Amino acid sequence: MNRRASPPAALDGWFAARGWQPFAFQRRVWAAAARGHSGLLHATTGAGKTYAVWFAALGRALQQRAAGTDDSRGLRVLWLTPMRALAADTQRALEAPLSELMPGWRVGLRTGDTPSSERARQAKSPPAALVTTPESLSLMLSQADAARRLQHVDMVIVDEWHELMGNKRGVQTQLALARLRHWQPRLVVWGLSATLGNLPRARQVLLGDADAQGVLVQGRLPKRVVVDTLVPPNPSRFPWGGHLGIEMLQPVIDEIDRHSTTLVFTNTRSQAEIWYQKLLDARPDWAGVLALHHGSLDPALRGWVEEGLKSGRLKAVVSTSSLDLGVDFLPVERVLQIGSPKGVARLLQRAGRSGHAPGRVSRLTLVPTHSLELLEAAAAIRAVAARRIESRRAPDKPLDVLVQHLVTVALGGGFRASDLLAEVRRTDAYRTLTDVEWQWALDFVARGGQSLVVYPEYRRVLPDDDGMYRVPDAAIGRRHRMGIGTIVSDAAMQVRFVNGTRLGSIEESFIARLRRGDHFLFGGRRLEFVRSHEMTAFVRPATGRRGAVPRWQGGQMPLSSELAHAALERLQQAARDRFPGPEMRALRPLLELQARWSALPAADVLVAETMRSREGQHLFLYPFAGRLVHVGLAALLAYRVGARQPASFSIAVNDYGFELLSATPVDWSALLATPEAAQRLLTTDALLEDVLAGLNATELSRRRFREIARVAGLVFQGYPGQARSARQLQASSSLFFDVFQRHDAGNLLLGQAEREVLEQELELGRLRETLTALTQRRLAFFELRRATPFGFPLMVERLREALSTEALTDRVARLLRELERAAAP
DNA sequence: GACCTGCTGCGGCCTG
C-alpha cells in the first residue's frame with residue numbers, strides 16, 4: 001500500500017489518548033476511504049460505525065490538508081439520516097472530536113426543523129459538514145445556487161441505508177448522489193447498514209455504476225442477541241385466535257417489574273393504546289413512569305417520552321415501530337414484543353434497542369397473543385440464531401420520483417436533457433431507463449402529458465433558447481419545493497384540547513362517528529369530544545373508565561418468507577414427534593389435536609380441509625406464505641373455480657393460510673385431490689390475468705395512484721397548517737386517474753401504479769413461487785365436521801369482518817363451546 | 001358504546 005493511501009496517524013493518536021484501540025473494521029474503512037474508495041459498512045447497532053466513517057472523512061480532509069489540495073472553505077461532508085430525531089444526536093456525536101482533530105471545522109444541522117435564521121447562516125458561511133435528510137438534500141438541490149453550495153462536497157455518508165434502500169426515499173437518495181457526483185466525479189460515498197440480508201446488492205443500489213470500485217466492510221462479531229418467549233401459564237387454555245394478547249397482561253407486568261427499563265413493542269397503534277390502559281389499570285402506581293409512544297402522537301409528547309427513556313426516568317414505554325430506530329436509549333434493559341414479530345430483521349432491530357453499546361447483550365422476549373404464535377416464536381428463535389435475515393428489494397425506476405427530480409434539478413440551476421439522462425442512468429434505480437421512458441418523463445414535466453396540455457400549472461419545466469431546461473415561473477417553484485419528498489401520509493385530523501394543546505392526530509372516519517360528549521381513549525388519556533372545526537377535533541379531559549379506541553388504517557405487513565419457512569421446519573419436526581424448547585412443548589397438545597383431526601402442514605405437505613356447515617362449504621388451505629400472498633391465492637382459486645361453475649366465495653386470510661366459503665356446494669376433492677387436477681387449479685399459466693380478474697385490480701391501482709400523483713407533483717397538499725381532507729386528496733388524485741385512463745392511456749404513471757400493486761400489495765413474485773411450491777407438495781385432503789386449530793382462527797377472522805362486535809363475541813363463544821365438547825377426551 | 005390487528009419516515013407558503 002502506498003504511503004499516501006494510509007489514513008493520517010492523528011486518528012490513531014486520538015484513540016490512543018483515550019486508551020482505546022480502533023477496531024479492525026474501523027481501520028479498514030479509514031484505509032479504503034483514504035484511497036478514495038466508496039463502500040458499505042455493515043455492523044449491528046452500537047458497534048462503532050459512526051466513528052468508522054466519520055474518522056474516514058476527517059482522515060481524507062487531513063490528507064488533503066497535508067497535500068495542500070485543500071483549497072475549499074465550503075461544505076465538504078454530507079451526512080444523511082432518515083430521521084430528524086437522529087440528526088441532532090448525530091451532530092453532537094460528530095462535533096465531539098473536532099476541537100482536537102479539526103479545529104475550524106463546524107458540523108451543521110439542516111432538517112425541516114432548522115429555523116430560517118440558521119439556514120441563512122449556513123448559506124453565508126457553510127459548515128464543513130452537514131447532517132441532513134434525503135428530503136432536505138433534495139430541497140438544497142432545488143435552490144438556484146445549488147451548484148455553488150454543493151460542488152465541493154467530496155464525501156457523503158448515508159446512515160441506516162437498510163431503511164432507505166427498499167423505498168422511494170432511497171431512490172431519491174440515489175438521484176441526489178448522482179447529482180453530487182456530476183459536480184464532483186471522485187465523490188466518496190459510504191453507506192451504513194445494520195439488519196439486512198443482501199449486502200452486495202445494498203452496496204450496488206447505493207453506489208450505482210460507481211459500484212465497481214465499491215468496498216464491503218463487515219463489522220466485528222455479530223452482536224449477541226438472546227430471544228426467548230413468555231409462555232402462557234396454561235397453554236391449553238390459551239386462545240386459538242385473536243391478536244390483542246391481554247391474557248398475557250400479568251406475565252408482562254411481572255417482566256416489567258423485574259427489570260429497570262422495558263420497551264414494550266406492539267404491532268399496531270390501537271393495540272399500544274389498549275395495552276397502555278390495561279397496564280395502568282392494573283398498576284396505578286406506574287402512573288408517571290409508564291409511557292406511550294406511536295406515530296400519531298404529537299411530536300412534543302413523543303420527545304418527552306424519548307427524553308425519559310434516555311435519562312432512565314421511565315419504567316416502561318409501550319410503543320409501535322416509532323421507536324424501532326433512532327435515538328440510543330442506553331438504559332433500556334429489556335424489550336418485549338407483543339404479537340407476531342413478522343420478520344427476522346424487524347425482530348433484531350427491536351432487540352437492538354436494548355444493550356445498545358459495544359459488548360452488551362441485546363435481549364428480546366416474545367409475547368404470543370394466540371396459540372400459533374408459539375410456533376412463530378419457536379421459528380423466530382431458530383431463524384435469529386441462524387441469522388436468516390430478510391433481503392430488501394429496491395424499487396425499479398419509479399417514474400414519479402424521476403418526474404419530481406426533473407423539476408428539482410430544473411429549479412436548481414437547470415439541466416441539459418442529454419447530460420441529465422446520462423447522469424440519471426448512472427443510478428441503480430434508473431440504469432435500464434429507456435429513451436422512450438425518459439422522453440415521456442421530460443414531456444410530462446414540460447406539458448403535463450397529453451391530457452393536461454391546456455393547464456399552464458402543469459407546464460413546469462421548459463427549455464430556453466440554449467436548450468437549458470428551467471422552471472419558468474416562481475409560483476411553480478414554490479409549490480414544487482413544498483411537495484418535495486416521497487412520503488405520502490394518510491390525511492388525518494388534529495386532536496387538541498380546547499386550550500390549544502396538541503395531542504396528535506386521528507383518522508377522519510373515526511372522528512366523524514363521534515358526537516359531542518362522547519368519550520374515547522387516545523394518547524393514553526380518556527378524552528371527551530367537544531367539537532370539530534377545519535380538520536381539528538377539540539377535546540377535553542374526561543373521567544370514567546369506558547371509551548372507544550381509535551383504529552388507524554395502516555399497512556399490513558405479512559409474515560416474512562424466512563420466518564414462514566422456519567415455522568414449516570418446526571412443524572416438520574413436530575410431525576416426527578420432536579418438540580424441543582418451551583414454546584414447542586407448550587404447543588404440543590394443540591399440534592397433536594391438529595394431527596389427530598387432520599394433519600400438520602409442512603414444507604412437503606399441503607393440508608386441505610373441507611367442511612360443511614350451516615354457512616355453506618368451507619375450504620381451508622395452509623401454504624404459510626404470508627397474508628398478502630394468501631389474498632392473491634384465495635382470489636385466484638375463487639376466480640378459477642368460479643369460471644367453471646357458478647359459485648361465489650367469501651374469503652378469509654391470515655399469515656398461515658386462507659379460507660374459501662361458498663354458499664353452494666363445491667367438490668373440492670375433485671378439484672384438488674389428484675395431482676393433475678391440482679396442477680390445473682394452481683398453474684402459473686395466465687397467473688397475472690387471473691389474479692387481475694379475480695381482484696378488483698382497477699380499484700387497487702386507483703388507491704395506489706394517490707401516492708404516485710402526490711410524488712409526481714400532480715396533487716397539491718395545500719399550505720402547511722391548512723391541510724386538505726383525505727377525501728379531497730383522494731378525489732383529486734382519483735380524477736387524474738380517470739382522466740389519464742380515458743384520454744392518456746399511454747401515461748406511464750398508470751402502469752407504475754399497477755406494477756406497485758402487484759409487487760407490493762400482492763407480492764406477485766412470492767405468489768408465483770408459492771404456486772410452484774404448492775404443486776410439488778403432497779396433498780393431504782380431509783373432510784371434517786369441525787374446524788381444526790389451524791382453521792378456527794380463519795373462521796374468526798372472517799366473522800370479525802362480517803359482524804358487529806357483540807354478535808362476533810356470541811358467535812365465537814358458541815364456536816368455542818362446540819370445540820371444547822369436541823376436543824374433550 | 002364504540003376498540004380487542006394493521007407501522008414508520010420527511011417536507012413546505014404567506015404574513016413587507
Side-chain angles (χ1 to χ4, degrees), chain A residues 80-87 110-114 116 132-139 142 160 163-164 167-170 172 239 241-247 265-275 277-278 293-296 319-326 338-340 342 346 349-350 369-370 404 474-475 477-490 510 513-515 517-522 529 544-558 627-628 654-655 710-711 716-723 796-797 800-801 804-806 808-809 812:
Chain A
L80 300 183
T81 100
M83 267 179 73
R84 286 187 303 233
L86 212 56
R110 205 287 190 194
T111 70
D113 297 332
T114 308
S116 52
T132 184
T133 61
E135 287 79 9
S136 283
L137 174 56
S138 285
L139 276 162
S142 80
E160 314 265 14
E163 283 297 319
L164 295 171
N167 55 46
K168 290 178 183 176
R169 298 184 78 195
Q172 186 156 47
H243 298 277
L244 192 53
I246 282 303
E247 290 81 4
F265 280 113
T266 61
N267 286 339
T268 72
R269 286 166 280 194
S270 59
Q271 194 182 21
E273 293 270 356
I274 292 168
W275 265 90
Q277 287 301 330
K278 298 277 184 192
H293 195 280
H294 62 69
S296 293
S319 98
T320 60
S321 307
S322 52
L323 285 182
D324 269 3
L325 278 187
I338 297 181
S340 169
K342 300 288 186 187
R346 186 163 177 268
Q349 183 73 38
R350 291 185 169 185
T369 62
H370 61 75
Q404 186 183 107
R478 202 163 55 228
R479 204 175 109 150
H480 176 77
R481 289 193 185 97
M482 288 200 297
I484 277 182
T486 60
I487 298 171
V488 180
S489 338
D490 10 289
F510 179 82
R513 288 207 308 272
L514 296 174
R515 286 199 308 252
D518 282 351
H519 289 190
F520 64 101
L521 301 177
F522 175 66
F529 177 68
R545 309 202 58 77
R546 314 229 33 164
V549 178
R551 304 173 64 177
W552 287 265
Q553 181 60 57
Q556 303 190 335
M557 174 184 296
R627 56 172 305 124
L628 299 182
N654 61 23
D655 276 323
R710 230 287 280 135
V711 173
F716 184 51
Q717 296 268 88
Y719 291 105
Q722 19 175 271
V796 175
E797 189 77 21
R800 183 173 62 80
E801 280 168 21
S804 70
T805 312
E806 193 185 11
L808 174 64
T809 317
V812 172

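Since we're looking at a predicted model, the values are computed, not measured. Just so it is clear: chains get the letters A, B, ... in the order the sequence lines come, proteins before strands, and each one is counted from 1.
- When each of dC10(B), dT8(B), dG11(B) is scored by its nearest atom to the side-chain atoms of Arg110(A), the top-ranked nucleotide is dG11(B).
- Listed here is the closest heavy atom pair of Gln404(A) and Gln172(A): OE1-NE2, 2.8 Å.
- Atom C1' of nucleotide dG1(B) and atom CZ of Phe510(A) are separated by 11 Å, given to the nearest angstrom.
- Ring-plane geometry between Trp552(A) and Phe522(A) is classed as tilted, the angle between the planes lying from 30 to 60 degrees on a 0 to 90 degree scale.
- Taking atom CD1 of residue Ile274(A) and atom P of nucleotide dT5(B), one finds them 8 Å apart after rounding to whole Å.
- Side-chain nitrogen and oxygen atoms of Arg269(A) include at least one within less than 4.0 Å of the OP1 or OP2 phosphate oxygen of dT8(B).
- When distances run from any side-chain atom of Met557(A) to the nucleotides dC3(B), dT8(B), dC7(B), the shortest one goes to dC7(B).
- In this structure, Arg551(A) reaches the dC4(B) phosphate: one of its side-chain N or O atoms is under 4.0 Å from OP1 or OP2.
- The separation of dC4(B) from dT8(B), taken at their C1' atoms, amounts to 23 Å, rounded to a whole angstrom.
- Among the protein residues, Lys278(A) comes within range of no part of the nucleic acid, since none of its heavy atoms lies under 4.0 Å from any strand.
- Note: CZ (Arg515(A)) to P (dG1(B)) measures 11 Å, nearest angstrom.
- Nucleic acid contact for Ser136(A): sugar-phosphate only, since backbone atoms but no base atoms lie under 4.0 Å from a heavy atom of the residue.
- Within 4.0 Å (heavy atoms only), Glu273(A) reaches no atom of the nucleic acid at all.
- Within 4.0 Å (heavy atoms only), Leu514(A) reaches at least one base atom of the nucleic acid.
- In this entry the distance linking CG of Asp113(A) with P of dG12(B) reads 9 Å, nearest Å.
- At the heavy-atom level, Gly555(A) lies under 4.0 Å from base atoms of the strands shown.
- Checked against dC3(B), dC7(B), dC10(B), the side chain of Arg84(A) finds its nearest nucleotide in dC10(B).
- The existence of a salt bridge linking Arg513(A) and Asp518(A) is excluded, since no basic side-chain nitrogen approaches an acidic carboxylate oxygen closer than 4.0 Å.
- Note on Arg346(A): nothing from the nucleic acid sits closer than 4.0 angstrom, heavy atoms only.
- Applying the 4.0 Å criterion to OP1 and OP2 of dT8(B), one finds that Thr320(A) has a side-chain N or O inside that range.
- Rounding to the nearest 0.5 Å places CE of Met557(A) at 8.0 Å from CG of Asn267(A).
- When heavy atoms are screened at a 4.0 angstrom cut-off, Ser138(A) is found touching no nucleic acid atom at all.
- Separation of the P atoms belonging to dC10(B) and dC14(B) is 23 Å when rounded to the nearest angstrom.
- Nucleic acid contact for Thr268(A): base, since at least one base atom lies under 4.0 Å from a heavy atom of the residue.
- Here dC7(B) is the nucleotide among dT5(B), dG11(B), dC7(B) with the atom lying nearest to any side-chain atom of Ser321(A).
- For the pair Val549(A)/Gln277(A), no side-chain contact is recorded, criterion being any heavy-atom separation below 4.5 Å from C-beta on.
- In this entry the distance linking CH2 of Trp552(A) with P of dC7(B) reads 8 Å, nearest Å.
- Whole-Å rounding puts the Leu139(A) CG to dC10(B) P distance at 14 Å.
- For Leu137(A) and dG11(B), the CG to P distance is 11 Å, given to the nearest whole Å.
- Taking every side-chain heavy atom of Ser489(A) into account, dC10(B) is the closest of dC7(B), dC4(B), dC10(B).
- The distance from atom NE2 of His293(A) to atom C1' of dC7(B) is 13 Å, rounded to the nearest whole Å.
- Residue whose closest nucleotide on DNA chain B sits further toward the 5' end, between His243(A) and Thr486(A): His243(A).
- Nucleic acid contact class of His519(A) (heavy atoms, under 4.0 Å, all strands): base.
- For dC14(B), the OP1/OP2 oxygens have a side-chain nitrogen or oxygen of Arg478(A) closer than 4.0 Å.
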Would Glu797(A) and His243(A) count as a side chain to side chain contact (heavy atoms under 4.5 Å, CB included) if you check the C-alpha gap in whole Å, the side-chain angles of each, and the deciding distance to 0.1 Å? CA-CA 10 Å; Glu797(A) 189 77 21; His243(A) 298 277; 4.0 Å; yes
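- Counting only N and O atoms by type, the side chains of Arg84(A) and Thr111(A) include no donor and acceptor under 3.5 Å apart.
- Taking for each of Arg481(A) and Gly242(A) the nucleotide of DNA chain B with the nearest heavy atom, the 5'-most of the two is the partner of Gly242(A).
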